[in-house]
Amino acid sequence: MFTRRLILGSGAGLIAGRARAQDGRPIRIIVPAPPGGPTDILARAIAERAAPVLGQPVVVDNRAGAGGVIGTEAAARAAPDGLTFVLGHNQTHASNQAMMARLPYHVIDSFVPVAKLATVHHALVVPANHRARDIAGLIAAGRDGGKLSYASSQAGSASHVIAETFVRQSGMDATHVPYRGAAPAATDTVAGVVDFYVATFPSVAPLVQDGRLRALEIGAPARLPDFPQVPTAVEANVPFMAVDAWFGLFAPRGTPEAAVARFAAAALGALGEAAIAQRLATAGFTVSALPPAEFAAFQRAEVARWNEMVALTGVRIDD
């Protein structure tokens, strides 16, 4: 509802914005990830629909590397002229601040939040033939002298931090086994090389669907219609695991408020289109839009939350 009000209330401003369209210069969305991945898919969907509304080109600039730091730093150093934005996420704009001693930007001070766009839920999965049938059983297995192991998609990733939080909060004995990506982590979990893996659910949903993995909980507010057998984190009595991967647009600090509002309205308007929402759902996203002020409050709460998890787990990224 708020997205529709924002679009309607900003109509005059967007029309006027077309007349001031920076002499036709393109708007750039920096994506701190390679082409073809979830972040890139989201950015291109927004760019495609925002361009005709704004009356100027919107291009995607992939700057992958260093866990998103390279592209995010480039955005922080860009001119605050309303022509550069970055599609950040919970790592680039929350957890990195706590995990990296020499982060070359500040997740809050270097940026202006523009719009929260979407989320992806995490889930804890075990091999299909694992002896633990639920979260309580897994915790019991990890407390009864049988040391467990868990996969992560990368050391220092959200996958790692959430799983280690689970281990510490539950009093389990479990060893971290880092992988280079979600695919090999899931493959070894299916094979039983590790006992469990906290993954973004879209990356393992097909394996849960066909019975090769069993999901013991998902960090969603309610059970998913396609997976009614999977309890939520709250239902599984591990509410601290309801941690989403989230994605949103940011601008360099100092970007004029009018430019921020104009681009936010265009991006949120794109999310309100049924075709875009379906396209994102197919890619595993849940649309969860917030305009600038609400997104700023959300980000601050997330930074505090990740600070607590990193302090509890001691997970750091060597830089």
Handout entry: Rounded distance (nearest 0.5 Å) linking atom OG1 of Thr200 with atom NE2 of His121
Key = 11.5 Å
Exercise for the section: Mind checking the CD-CG spacing from Gln97 to Asp109? Nearest 0.5 Å is all I need. Expected result: 8.0 Å
May I ask you to check whether over 12 heavy atoms, not counting those of [X], lie within 6.0 Å of atom [atom1]?
X: Arg143; atom1: CZ; value: yes
X: Asp173; atom1: CG; value: yes
X: Gln229; atom1: CD; value: yes

Handout entry: Exercise: do His176 and Ser152 side chains pair donor with acceptor under 3.5 Å
Key = yes
Handout entry: ring-ring contact (aromatic ring centres under 6.0 Å, His included) evaluation trace for Phe247 with Phe285
Key = CA-CA 9 Å; Phe247 301 81; Phe285 291 104; 5.2 Å; yes
Without swapping roles, check the side chain of [X] against the backbone of [Y] for a donor-acceptor pair under 3.5 Å.
X: Arg212; Y: Thr187; answer: no
X: Thr92; Y: His89; answer: yes
X: Arg316; Y: Ala98; answer: yes
X: Gln299; Y: Val107; answer: yes
X: Arg214; Y: Ala128; answer: yes
X: Ser159; Y: Val198; answer: yes
X: Arg63; Y: Ala74; answer: no

Fill in the blank from the handout: Sorted by chain and residue number, the salt bridge (charged side-chain N to carboxylate O under 4.0 Å, His left out) partners of Arg253 (sequence neighbours excluded) come out as none
Show me, pair by pair, the donor-acceptor contacts under 3.5 angstrom made by side chains of residues 31-42, not counting sequence neighbours?
| unit_1 | atom_1 | unit_2 | atom_2 | d |
| --- | --- | --- | --- | --- |
| Asp40 | OD1 | Arg44 | NE | 2.9 |
| Asp40 | OD1 | Arg44 | NH2 | 3.4 |
| Asp40 | OD1 | Asn62 | ND2 | 3.0 |
| Asp40 | OD2 | Gly36 | N | 2.9 |
| Asp40 | OD2 | Arg44 | NE | 3.0 |

Practice task
Give the ring-plane orientation class for Trp246 versus Phe295, where under 30° counts as parallel, over 60° as perpendicular and anything between as tilted.
Solution key: perpendicular
Show me the donor-acceptor pairs, under 3.5 Å and distance only, between side chains in residues 45-52 and residues at least two apart or in other chains.
| unit_1 | atom_1 | unit_2 | atom_2 | d |
| --- | --- | --- | --- | --- |
| Glu48 | OE1 | Arg279 | NH1 | 3.1 |
| Glu48 | OE2 | Arg279 | NH1 | 3.4 |
| Arg49 | NE | Glu273 | OE1 | 2.9 |
| Arg49 | NE | Glu273 | OE2 | 3.4 |

Problem - Evaluation steps, side chain to side chain contact (heavy atoms under 4.5 Å, CB included), between Phe196 and Met172 - result: CA-CA 13 Å; Phe196 66 94; Met172 299 169 62; 4.1 Å; yes
Exercise for the section: Decide yes or no for Val69 and Tyr105: does some side-chain heavy atom of the first lie under 4.5 Å from some side-chain heavy atom of the second? Expected result: yes
Handout entry: Sub-4.5 Å side-chain heavy-atom contact between Val126 and Asp195
Key = no
Practice task
Mind running ring-ring contact (aromatic ring centres under 6.0 Å, His included) on Phe201 and Phe227 for me, showing each step along the way?
Solution key: CA-CA 11 Å; Phe201 192 61; Phe227 296 88; 4.9 Å; yes
Write down the atom of [X], the atom of [Y], and the distance for their closest heavy-atom approach.
X: Ala151; Y: Val194; value: CB-CG2, 3.8 Å
X: Asp188; Y: Tyr179; value: OD2-OH, 2.6 Å
X: Gly284; Y: Val120; value: O-CG2, 3.8 Å
X: Tyr197; Y: Ala186; value: CE2-N, 3.8 Å
X: Ala289; Y: Leu271; value: CB-CD1, 3.8 Å
X: Met241; Y: Leu124; value: CE-CD1, 3.9 Å

Handout entry: Partner of Val243 by side chain to side chain contact (heavy atoms under 4.5 Å, CB included), out of Asn90, Ile162, Val161, Thr165
Key = Ile162
Exercise for the section: State plainly whether the residues Glu302 and Arg305 are in salt-bridge range, i.e. N to O under 4.0 Å. Expected result: yes
